[in-house]
There are 2 protein chains.
Amino acid sequence: MRVNFSKEDFNVAIATSVVLYGFDGDDLKILIAEKAGEPFAGAHILPSSVVHINEDPEDVAIELMRRITGSADWPIEILNAFAEVYRNPEGRVVNVAYYGTLQLNETLSQDLLRSEYKWVKVNDIPPLAFDHNKIVDYSRERLKRRVKRRPIGFSLLPKEFTMNQIQRLYECALGRDLDKRNFRRKLLKSELLLETDHFVRSSAKARRPSALYKFDEKKYRSLTLRGYDFVYQ
Amino acid sequence: MRVNFSKEDFNVAIATSVVLYGFDGDDLKILIAEKAGEPFAGAHILPSSVVHINEDPEDVAIELMRRITGSADWPIEILNAFAEVYRNPEGRVVNVAYYGTLQLNETLSQDLLRSEYKWVKVNDIPPLAFDHNKIVDYSRERLKRRVKRRPIGFSLLPKEFTMNQIQRLYECALGRDLDKRNFRRKLLKSELLLETDHFVRSSAKARRPSALYKFDEKKYRSLTLRGYDFVYQ
DNA sequence: AATACTTAGTGTAAATTTAACACTAAGTTC
DNA sequence: GAACTTAGTGTTAAATTTACACTAAGTATT
């Protein structure tokens with residue numbers, strides 16, 4: 001079998017885009033940017049970057065996240081290549097897309113507010129340039145699957161979180177309501193949660209404080225080694 | 001946010017490879033080819049093709065399958081982009097890989113025997129050139145997941161098949177043994193199988209003939225519309 | 001200090017699904 | 001007709017899932 005490239009075949013560029021998920025306690029959100037420069041100046045796009053000829057798309061995606069959030073330590077996972085002809089009017093561009101999750105906190109939110117980025121609720125995503133809406137849809141399907149099989153939700157929550165927060169997160173990711181008692185039972189049975197002795201008042205209005213839990217990473221690592229599957233149907 | 005390509009960025013080529021699965025009743029196999037021409041002349045590779053500047057990788061993958069098998073009607077699904085730097089010594093190449101399933105039959109098997117392709121058992125795959133082993137591993141994970149959620153197995157079986165054949169196929173895809181009684185019950189409960197009034201003798205040695213079943217595509221389509229999920233854990 | 005208010009947190013029972021397990025049935029060959 | 005080979009079948013226990021409504025604990029108001 002012959003696979004021969006000619007000089008004209010080397011005329012494609014690589015870009016990478018990242019669907020960055022954050023959860024503010026109420027809503028699951030993704031980060032979008034406003035495009036500067038033609039084509040599509042002013043349009044909304046996913047955070048994106050050119051991948052130069054000697055760069056690895058994953059490294060570029062990680063660097064992109066570092067530029068945006070100040071940290072490169074957020075988990076990311078490759079989504080797919082989006083490589084249809086004419087997706088970019090500048091020339092043939094293959095987009096190697098990733099998605100990542102991060103823990104929203106006040107500082108990060110404030111920094112981003114002053115930047116060219118903004119958070120939009122996943123149920124309220126505006127039209128994006130290129131085929132970025134397709135990439136977002138693809139990433140949501142992936143997140144839905146991941147959240148069912150791996151306790152990936154923890155990477156979106158602060159170190160300590162309430163049962164209601166994590167349930168709300170799962171409801172956002174799965175797009176349906178879950179029963180409070182069944183959810184708690186299932187999560188506690190997994191033994192991936194450690195109870196702390198901390199409590200918070202969740203909002204200004206009067207109410208009972210919630211117990212805070214944290215994720216047992218050590219336990220998770222030992223379980224994954226044994227081929228553990230965290231299932232939430 | 002600025003995403004500007006310069007002239008030097010357009011110096012990448014696209015290739016596509018296809019992991020083509022076939023099932024002969026006993027073993028799950030994939031098709032590999034022998035590479036002609038440098039680099040890696042004589043090495044084993046996945047069926048692959050250059051994607052020219054104005055072509056869609058999916059179209060090229062479909063055409064590749066048509067060239068190999070004589071038919072373009074096999075289901076394929078995109079796997080991912082494999083885009084690490086230096087995966088191809090000829091230059092920067094992004095491989096947009098697919099996997100497909102086909103029904104092995106005598107004619108097809110004979111034609112392929114006389115060609116540059118050969119079937120190898122999935123548990124017995126030789127070292128492949130480039131990062132094609134990585135692509136194969138990725139496709140096996142995908143097939144394992146798919147077989148659990150969608151009755152994708154049917155696309156690997158002949159029109160009419162025995163319970164033992166489909167169970168063997170599931171065992172190959174999942175990599176573990178399944179209980180005969182539980183497997184049959186589960187499959188029949190899904191109501192995706194129609195019993196035919198045909199029987200076959202599975203091998204030369206004396207034994208009782210097996211009943212033949214076929215896949216109820218109409219039922220499947222009506223179920224998928226309602227968001228049906230065929231689950232085999 | 002009592003009351004109203006708000007959200008946190010808890011248990012049980014029925015239905016369904018999964019898992020484990022061994023024998024009989026039907027045809028072929030000798 | 002006896003021996004052989006693979007096809008095909010049911011039951012029971014355990015685990016999981018689902019549905020469902022009230023009490024607990026604190027805050028704010030009077």
Side-chain angles (χ1 to χ4, degrees), chain A residues 24-26 147-149 151 157-158 160-171 174-214 223 227-233, chain B residues 24-26 147-149 151 157-158 160-171 174-214 223 227-233:
Chain A
D24 66 4
D26 289 315
V147 110
K148 284 182 183 180
R149 314 293 300 189
L157 293 165
E160 303 194 339
F161 48 85
T162 69
M163 276 289 185
N164 289 310
Q165 285 174 327
I166 190 168
Q167 180 177 345
R168 174 77 187 148
L169 171 58
Y170 270 69
E171 288 175 337
L174 297 174
R176 63 189 166 91
D177 288 346
L178 300 171
D179 180 272
K180 187 157 62 156
R181 281 166 289 192
N182 295 339
F183 182 83
R184 281 167 194 243
R185 182 176 21 240
K186 187 144 195 174
L187 242 67
L188 290 174
K189 190 165 66 78
S190 79
E191 297 190 300
L192 289 170
L193 293 193
L194 294 172
E195 204 169 349
T196 70
D197 52 2
H198 304 157
F199 293 83
V200 276
R201 279 179 63 196
S202 322
S203 86
K205 284 251 179 172
R207 81 161 158 300
R208 178 176 174 179
S210 303
L212 286 168
Y213 293 82
K214 59 184 180 183
L223 287 171
Y228 169 77
D229 235 5
F230 172 85
V231 176
Y232 205 95
Q233 295 287 355
Chain B
D24 66 4
D26 290 315
V147 111
K148 285 183 184 180
R149 314 293 300 190
L157 292 165
E160 302 194 342
F161 48 85
T162 68
M163 275 290 186
N164 288 311
Q165 285 174 327
I166 189 168
Q167 180 178 345
R168 173 78 187 147
L169 170 57
Y170 270 69
E171 289 175 338
L174 296 175
R176 63 190 167 92
D177 289 347
L178 300 171
D179 180 272
K180 188 157 66 156
R181 281 166 289 193
N182 295 338
F183 183 82
R184 281 168 194 242
R185 183 176 20 241
K186 188 145 195 173
L187 241 67
L188 290 173
K189 191 164 64 78
S190 80
E191 296 190 300
L192 288 171
L193 292 193
L194 294 172
E195 204 168 350
T196 71
D197 51 3
H198 304 158
F199 292 83
V200 278
R201 278 181 64 196
S202 322
S203 88
K205 284 251 178 175
R207 81 162 159 300
R208 178 177 175 179
S210 303
L212 286 167
Y213 292 82
K214 58 184 181 184
L223 286 172
Y228 169 75
D229 237 3
F230 173 86
V231 177
Y232 205 94
Q233 294 287 357

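Only heavy atoms go into these numbers, but all of them, side chains included; no hydrogens, no water, no symmetry mates. Throughout, a chain's letter reflects where its sequence line sits, starting with A, and its residues are numbered from 1.
For the pair Lys180(B) NZ and dC23(C) C1', the computed distance is 11 Å after rounding to whole Å. Atom-to-atom, CZ of Phe183(A) to P of dG11(C) comes out at 18 Å; the value is rounded to the nearest Å. Residue Gln167(B) contributes atom CD, which lies 11 Å from atom P of dG8(D) at whole-angstrom precision. The CD atom of Glu195(B) sits 15 Å away from the P atom of dA7(D) (whole-angstrom rounding). Whole-Å rounding puts the Arg184(B) CZ to dT17(C) C1' distance at 20 Å. Between the CG atom of Asp26(B) and the P atom of dT6(D) there is a distance of 12 Å, rounded to whole Å. In this entry the distance linking CG of Leu178(B) with P of dT18(C) reads 13 Å, nearest Å. The distance from atom NE2 of His198(A) to atom P of dG26(D) is 16 Å, rounded to the nearest whole Å.
Shown here for Glu160(A) and Leu212(A), the closest heavy-atom pair between the two residues is OE1-CD1, 3.7 Å. Minimum interatomic distance between Arg168(B) and Gly25(B) (heavy atoms only, all atoms of both residues): CG-O, 3.7 Å. Nearest heavy-atom pair, Leu193(A) versus Phe161(A), reported as atom, atom and distance to 0.1 Å: CD2-CZ, 3.8 Å.
Side-chain N/O atoms of Asn164(A) and base N/O atoms of dA8(C) include no donor-acceptor pair closer than 3.5 Å. You'll find a donor-acceptor pair under 3.5 Å spanning the side chain of Arg185(A) and the base of dT12(C), going by distance alone. For dA22(C), its base sits under 3.5 Å from the side chain of Arg181(B) at one donor and acceptor pair at least.
Note that CG of Leu157(A) is 5.0 Å distant from CG of Leu169(A), once rounded to the nearest 0.5 Å.
Side-chain N/O atoms of Lys186(A) include one lying less than 4.0 angstrom from OP1 or OP2 on dT17(D).
Positionally, the nearest nucleotide of DNA chain C for Leu188(A) lies more toward the 5' end than for the other of Leu188(A) and Lys189(B).
Relative to the side chain of Arg208(A), the nucleotides dA25(D), dT17(D), dA7(D) differ in distance, and dA25(D) lies closest.
Tested against Asn182(B), the residues Arg185(B), Arg184(B), Lys180(B) include a single side chain to side chain contact (heavy atoms under 4.5 Å, CB included) partner, Arg185(B).
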